Structure formats: C-alpha cells, structure tokens
Amino acid sequence: MKIATWNVNSVRARLERVLEWLREHQPDVLCLQETKVVDDAFPTEEFLRLGYAVAMSGQKTYNGVAIASRLPLQQLRVGLDDDTATSERRYLAATIDGVRVVSVYVPNGKDVELPAFRDKLAWLARLRQTLGRELSEGAALALCGDFNIAPDERDVYSVEALRGKLHFHPEEHRALQALQALGLRDAFRLHDPAGERFSWWDYRGGAFQRNQGLRIDLILLSDALARRSRRCTMDVAARTKDKPSDHIPVMVELGPSP
DNA sequence: ATGGTCGAATATCGA
C-alpha cells in the first residue's frame with residue numbers, strides 16, 4: 001500500500017500537477033492540504049476519472065484538507081473533537097483497507113511572538129487529544145500532512161537562521177514530541193538519516209535553487225505500520241515543474257499486513 | 001537590505 005501526502009497550495013490551481021502526479025506514481029492514497037476550496041467546488045469528477053474516490057473538508061480561500069483513495073473511504077471523521085461549525089478545516093480522517101489515514105494541515109503560526117503561534121500550539125494539543133482517541137491498542141494509523149514544524153537540525157537549511165524561529169522553536173518541538181509519544185514514528189527517518197532532505201521551499205528569493213528548504217511535511221506511523229514501512233520518498237522533481245506547489249509530495253510504501 | 005513570490009480575490013492577507 002502506497003500512502004502519499006502533499007500540500008498542493010490550492011487544488012484548483014494545482015489540478016493538472018496533481019492528476020499528472022497520481023498517474024505517474026500511482027499511490028493508493030493521497031492526502032491533500034491547503035485545498036483552498038469549499039466542498040461543492042472541489043474537482044471531485046477529475047479524481048474519479050482517474051479511479052480515486054475523494055473525501056474533503058474545505059473552506060473558502062484558506063486551509064482545507066482532503067483524502068483521495070482507490071479503495072473505499074470508510075468511517076470519515078471531519079475536524080478535531082472539539083471543533084465547531086466555524087473551525088478552520090484542518091483535519092480529516094478515513095479508514096482505508098484497515099488503515100486509519102489522517103490528513104492534517106497544522107496552523108502556520110506566523111511568528112513566535114504573535115498570538116497565532118499560541119493558537120498553533122493549542123491546535124497541536126487538541127490534535128493530540130483527538131488522536132489519543134483514534135489510536136486504539138495496536139491501531140494501524142498514518143498521520144499525514146503539513147506539520148509546519150521541522151523535527152530536528154537535519155530538517156532545516158540553517159540551524160543558525162532558524163533557531164528559536166517559526167518552524168523550529170522548542171515549543172513546537174515539544175508539541176511534536178508529545179504527538180509522537182502516542183507511539184508515532186517519522187516514516188522518512190525510518191529509512192533515511194540524511195540532512196538537507198526538504199519538502200518545502202519558499203517561493204521567494206530563489207530558495208529552491210539555493211536549496212534553502214525545510215522538511216515540514218511528514219508521515220507519522222503507528223508501530224503496526226512502522227513495522228510494515230518499506231521506503232519513504234520525497235519527490236523533489238515535483239518542485240521543478242511549471243507552476244509548482246511550494247511543497248512536494250511525500251510517499252510511504254507499506255508491505256502487506258501480517 | 002525588513003525585500004522576495006505565489007493563490008485567492010481584486011486590496012490585501014496568508015503563507
């Protein structure tokens with residue numbers, strides 16, 4: 001089973017890139033973030049034509065998550081436990097072939113000095129609460145998405161430039177570690193210890209050409225899935241195409257369930 | 001050097 005995640009920065013602006021990527025890489029599941037579209041206007045038909053059912057939780061202009069899958073999407077859950085009708089659309093979960101797949105778009109936080117940063121940490125605490133309920137004993141769960149946190153020093157282009165800053169702040173690291181303490185492993189790090197493997201580069205200032213990026217798009221696997229993980233790749237080529245997203249897809253390949 | 005580039009919406013905000 002191949003599970004991928006991609007912050008596409010508008011599913012409508014990126015539709016051709018996304019469909020092309022699905023045709024080329026043939027994942028069973030693709031989690032999307034920053035779809036930036038209400039559910040009624042989601043390009044569902046185009047996914048269906050490629051053989052993917054899709055579940056989405058979107059809103060106008062900002063945020064929005066979705067899960068596309070070749071196999072049926074079951075037991076959908078939209079939003080965190082204590083979300084309300086007006087909450088930002090950042091969490092969607094579905095069970096696919098016995099695997100609980102979660103697509104998350106963690107708040108950016110703007111700047112560590114701003115209230116938005118506190119909101120980010122509060123959202124992560126609520127995510128942990130919700131996942132605590134999703135994660136029953138021995139559950140097969142893949143938490144996929146844009147975490148807006150670079151886990152460690154290997155995941156930033158410059159420790160000096162990022163230390164104490166957004167995406168690399170000790171409080172963000174504490175929040176991510178608290179999540180992982182539920183028993184979630186970073187799929188990419190199960191297979192590749194190297195630094196300078198990034199999933200996002202700013203559109204500005206030629207950041208991609210300078211390889212000034214961050215690894216903030218993650219797939220976190222429960223123990224049951226970590227044992228099945230065969231490889232985890234990030235498709236840097238996606239950033240070299242016309243009109244790319246500022247993020248690239250991350251994909252994990254799982255062996256058969258025992 | 002406090003910029004720069006996108007997307008959504010059409011002046012600016014969010015990233």
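Because the structure is predicted, anything quoted here is derived from the model rather than measured. Naming: A, B, ... by sequence-line order, numbering from 1 per chain.
- A/Ser222 places a side-chain N or O within donor-acceptor distance of the main-chain N or O of A/Leu141, the cut-off being under 3.5 Å.
- The same atom, C1', is picked in B/dA15 and in B/dG4; the two are 13 Å apart, to the nearest Å.
- A distance-only check finds no donor-acceptor pair linking the side chain of A/Lys2 to the backbone of A/Asp28 [under 3.5 Å].
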Going through the checks in order, is the side-chain hydrogen bond (donor to acceptor under 3.5 Å, both in side chains) test met by A/Arg89 and A/Asn63? CA-CA 6 Å; A/Arg89 304 294 207 255; A/Asn63 312 312; over 6 Å; no
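- Judged by distance alone, with hydrogens and angles left aside, the side-chain atoms of A/Arg17 form no donor-acceptor pair with the main-chain N or O of A/Pro244 at under 3.5 Å.
- Note that the first and last nucleotides of DNA chain B, 5' to 3', having any atom under 4.0 angstrom from a heavy atom of chain A are B/dG4 to B/dA15.
- Evaluation of the side-chain hydrogen bond (donor to acceptor under 3.5 Å, both in side chains) rule for A/Asp186 yields A/Arg215 as partners, not counting sequence neighbours.
- A heavy-atom distance below 4.0 Å to DNA chain B is reached by these residues of residues 58-65 of chain A, ordered by number: A/Lys60, A/Thr61, A/Tyr62.
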Review item, side-chain donor-acceptor pairs of residues 161-170 of chain A, under 3.5 Å, at least two apart:
residue	atom	partner	partner atom	Å
A/His167	ND1	A/Asn148	O	3.0
A/His169	ND1	A/Glu171	N	3.0

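- Judged by distance alone, with hydrogens and angles left aside, the side-chain atoms of A/Asp155 form a donor-acceptor pair with the main-chain N or O of A/Asp152 at under 3.5 Å.
- Of the P atoms belonging to B/dT2 and B/dA11, the separation is 27 Å, rounded to the nearest Å.
- A/Arg230 places a side-chain N or O within 3.5 Å of a backbone atom of A/Arg228 that can act as its donor or acceptor partner.
- A chain of hydrophobic side-chain contacts below 4.5 Å, direct or via other Ile, Leu, Val, Met, Phe, Trp or Tyr residues, connects A/Leu50 to A/Met251.
- Comparing the C1' positions of B/dA9 and B/dG14 gives an interatomic distance of 13 Å, to the nearest angstrom.
- Of all the residues in residues 153-166 of chain A, not one reaches under 4.0 Å from DNA chain B with any non-hydrogen atom.
- For B/dT10 and B/dT5, the P atoms lie 23 Å apart once the distance is rounded to whole Å.
- Here the side chain of A/Thr5 pairs no donor or acceptor atom with the backbone of A/Val250 at under 3.5 angstrom.
- Place A/Lys243 and A/Gly109 on DNA chain B by their nearest nucleotides, and A/Lys243 ends up nearer the 5' end.
- Taken residue by residue, residues 198-219 of chain A places heavy atoms nearer than 4.0 Å to DNA chain B at A/Tyr203, A/Arg204.
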Given A/Cys232 and A/Asp192, is the side chain to side chain contact (heavy atoms under 4.5 Å, CB included) satisfied, shown in steps? CA-CA 8 Å; A/Cys232 182; A/Asp192 190 343; over 6 Å; no
Apply the test ring-ring contact (aromatic ring centres under 6.0 Å, His included) to residues A/Phe47 and A/Phe42: give CA-CA distance (whole Å), side-chain angles for both, the deciding distance (0.1 Å), then the verdict. CA-CA 10 Å; A/Phe47 282 82; A/Phe42 194 99; 5.6 Å; yes
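- A donor-acceptor contact shorter than 3.5 Å is absent between the side chain of A/Arg70 and the backbone of A/Val29.
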